[in-house]
Engineer: 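Have a look at the structure that comes next, please.
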Amino acid sequence: MKILAFESSCDETSVAIVEDGRRVFANVVRSQAENHRQYGGVVPEVASRQHLILANEALQAAIDESQLDLQDIDVFAATLGPGLVGSLLVGAQAAKTLAFITGKPFRGVNHLHGHIASNYLESTLEPPFLCLLVSGGHCQLMDVQAYDTMPLLGQTLDDAVGETYDKVARVLGLGYPGGPVLDQLAQTGDATRYALPVGKTQGRFDFSFSGLKTATARLAQNELKADDQTALADLAASFQHAAVQALVQRTQAAQQALGYTTVAVAGGVAANSALRQQLADWCTEQGLQLHLPHMAFCTDNAAMIASAAFFSPLTEAMADEVFSRQKTVPCR
Ligand code: KG4
Ligand code: ZN
């Protein structure tokens, strides 16, 4: 089954064609980062307008790349949420229109199921496994029992980890989107120089990043001199150390409680170098299987949505429910 999917929940306009949830024929991603950089974050109104401008070009590029044509597509799909309502509408309406004119079915997808499904792309991974989902809008541990059964084990009580990276990067003057730049800078610094808090929570598998964000911002304001590049790198490294420690500790606790031998990671922060390294070291030491999506499938992309449309599509009732809960405020 070949599925053509749109992803437009935030600031990436993406169209992909995937066969049977795993084989990627095309995955075109048009980033809007340039349009949002001057505002230091995603502006919902700008995002929805950009999706409208970029959608048809991304669709044509995906069709060209796949060397298929519309008649070869069996199902059209789109992200219905969570995300920015005006942005979601563009991708959803484009996919529904294609379904209508070709007489093929439409499937709605939960964006978070998409991130989990990024692990199935170009891979043979199958449930059950433990999944750490870390993105700009979410930070969760999921018990992936089956393709369509993934109860939530715990989540952040305040900021998502990607959002924390972006906000700290802004305070440090590193620009937007901050995660990748902060990660790179952290690799050059001394993580032991500043002691920063690893968020404590009541729930064993929950996270909290607002204390870390505030403590890092306060240190930046009080301690950093304008031209001290060494201190800047050390602060970035100390922040990354605390953030990654929180993620790894909770993942270890959940793995020990549930006994899974496979651990997967999903979402934009799955691209983080320290997180990848520390999880890899722990899994090797414990004889666990670690599954990391290809870098191209970590941040938002439509290939993961096409995969989720194959393995875990929303029912119509679920789709209405997911869509009716959408935000109109920025996602990060
Ligand atoms: O999954 P994603 O593309 O969008 C959401 O669904 O939110 O994740 C984007 C987030 C951003 O917050 C970005 O700063 C973060 O992922 N990110 C990273 C890295 N690469 C992307 N955070 C830390 N280290 C990275 N290397
Ligand atoms: Zn995402």
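All figures in this text were calculated on a predicted structure; none of them were measured in a lab. Indexing begins at 1, ligand by ligand and atom by atom, following the structure's order. The analysis underlying the following values was restricted to heavy atoms, covering all of them including side chains, and did not include hydrogens, waters or symmetry mates.
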Engineer: Mind checking whether the Zn ion (ligand 2) has an N, O or S of Cys10 under 2.8 Å?
Structural biologist: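 Here the distance criterion (N, O or S atom, under 2.8 Å) is not met by Cys10, so no.
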Engineer: If you check every N/O/S atom of His111, which is the one nearest the Zn ion (ligand 2)?
Structural biologist: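 Relative to the Zn ion (ligand 2), the closest nitrogen, oxygen or sulfur of His111 carries the name NE2.
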Engineer: Answer yes or no: is there an ion pair linking Arg30 with Glu12, defined by an N-O contact shorter than 4.0 Å?
Structural biologist: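 No, no charged N to carboxylate O under 4.0 Å.
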Engineer: Atoms of ligand 1 less than 4.0 Å from Gly137 heavy atoms?
Structural biologist: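 Counting from 1, the qualifying ligand atoms are 7 (O).
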Engineer: Give yes or no for whether the N/O distance cutoff of 3.5 Å, strictly under, is met between Asp166 and ligand 1.
Structural biologist: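 Such a contact does occur with ligand 1.
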Engineer: Mark the output for Pro180 as yes if a heavy-atom distance to ligand 1 is under 4.0 Å, and as no if none is.
Structural biologist: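 Judged by the 4.0 Å heavy-atom criterion, Pro180 does count as contacting ligand 1.
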Engineer: Check each of Val161, Val168, Asn272 against atom 24 (N) of ligand 1 and report the one with the nearest heavy atom.
Structural biologist: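 Shortest heavy-atom distance from atom 24 (N) of ligand 1: Asn272.
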Engineer: Flag the pair Tyr147 / Tyr120 as yes when their ring centroid distance falls below 6.0 Å, and as no otherwise.
Structural biologist: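 For Tyr147 and Tyr120, the ring centres are under 6.0 Å apart.
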Engineer: Counting only nitrogen or oxygen atoms and a 3.5 angstrom limit, does Gly268 reach ligand 1?
Structural biologist: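 Indeed, backbone or side chain, Gly268 has an N or O that close.
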Engineer: Got a salt bridge between Asp159 and Lys213, using NZ or NE/NH1/NH2 to carboxylate O under 4.0 Å?
Structural biologist: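 Yes.
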Engineer: Can you tell me if Gln187 has over 12 outside heavy atoms packed within less than 6.0 Å of its CD?
Structural biologist: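 More than 12 within 6.0 Å, yes.
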Engineer: Taking 4.0 Å as the limit for heavy-atom contacts, which would you say applies to His111 with ligand 1: side chain only, backbone only, both, or neither?
Structural biologist: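 Side chain only.
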Engineer: Is it the case that ligand 1 has an N or O less than 3.5 angstrom from some N or O of Gly162?
Structural biologist: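 Yes: some nitrogen or oxygen of Gly162 is under 3.5 Å from one in ligand 1.
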Engineer: Would a line drawn from the ring center of His294 to the ring center of Phe297 be shorter than 6.0 Å?
Structural biologist: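 They qualify: ring centres under 6.0 Å apart.
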Engineer: Under 4.0 Å from a heavy atom of Asp183: which atoms of ligand 1 are those, numbered in the order shown and with their elements?
Structural biologist: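 This gives 24 (N), 25 (C), 26 (N) as the contact atoms.
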Engineer: Find all atoms of ligand 1 within a distance of less than 4.0 Å from any non-hydrogen atom belonging to Thr299, and give their numbers and elements.
Structural biologist: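 The list of qualifying atoms is 3 (O).
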Engineer: Does Arg37 have more than 12 heavy atoms from other residues, nucleotides or ligands lying within 6.0 Å of its CZ?
Structural biologist: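 Enclosed: over 12 neighbouring heavy atoms sit under 6.0 Å from CZ of Arg37.
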Engineer: What atoms of ligand 1 come closer than 4.0 angstrom to any heavy atom of Gly136?
Structural biologist: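 Within the 4.0 Å cut-off of Gly136, ligand 1 contributes 5 (C), 7 (O), 8 (O), 9 (C), 10 (C), 12 (O).
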Engineer: Compare every heavy atom of Ala55 with every heavy atom of Val15, then report the nearest pair and how far apart it is.
Structural biologist: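 Between these two residues, the closest heavy atoms are CG2-O, 4.3 Å.
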Engineer: Could you tell me whether Asp300 approaches ligand 1 through its side chain, its backbone, both or neither, with non-hydrogen atoms closer than 4.0 Å?
Structural biologist: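 Contact part for Asp300 vs ligand 1: both backbone and side chain.
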Engineer: Is the distance between the ring centroids of Tyr165 and Phe239 less than 6.0 Å?
Structural biologist: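 Judged by ring-centre distance (under 6.0 Å), Tyr165 and Phe239 do meet the cut-off.
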Engineer: A quick test of your reading: do over 12 heavy atoms of other residues, nucleotides or ligands sit less than 6.0 Å from NZ of Lys96?
Structural biologist: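 For Lys96, atom NZ is not crowded (no more than 12 foreign heavy atoms under 6.0 Å).
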Engineer: Does any part of the side chain of Leu130, heavy atoms only, come nearer than 4.5 Å to the side chain of Val144, both counted from C-beta?
Structural biologist: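 The answer is no; the side chains never approach within 4.5 Å.
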Engineer: Give, rounded to 10 degrees, the angle between OD1 (Asp300) and NE2 (His115) as seen from the Zn ion (ligand 2).
Structural biologist: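 With the Zn ion (ligand 2) as the vertex, the angle is close to 100°.
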Engineer: Report yes if some N/O of His115 lies less than 3.5 Å from some N/O of ligand 1; otherwise report no.
Structural biologist: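 Right, the criterion is met.
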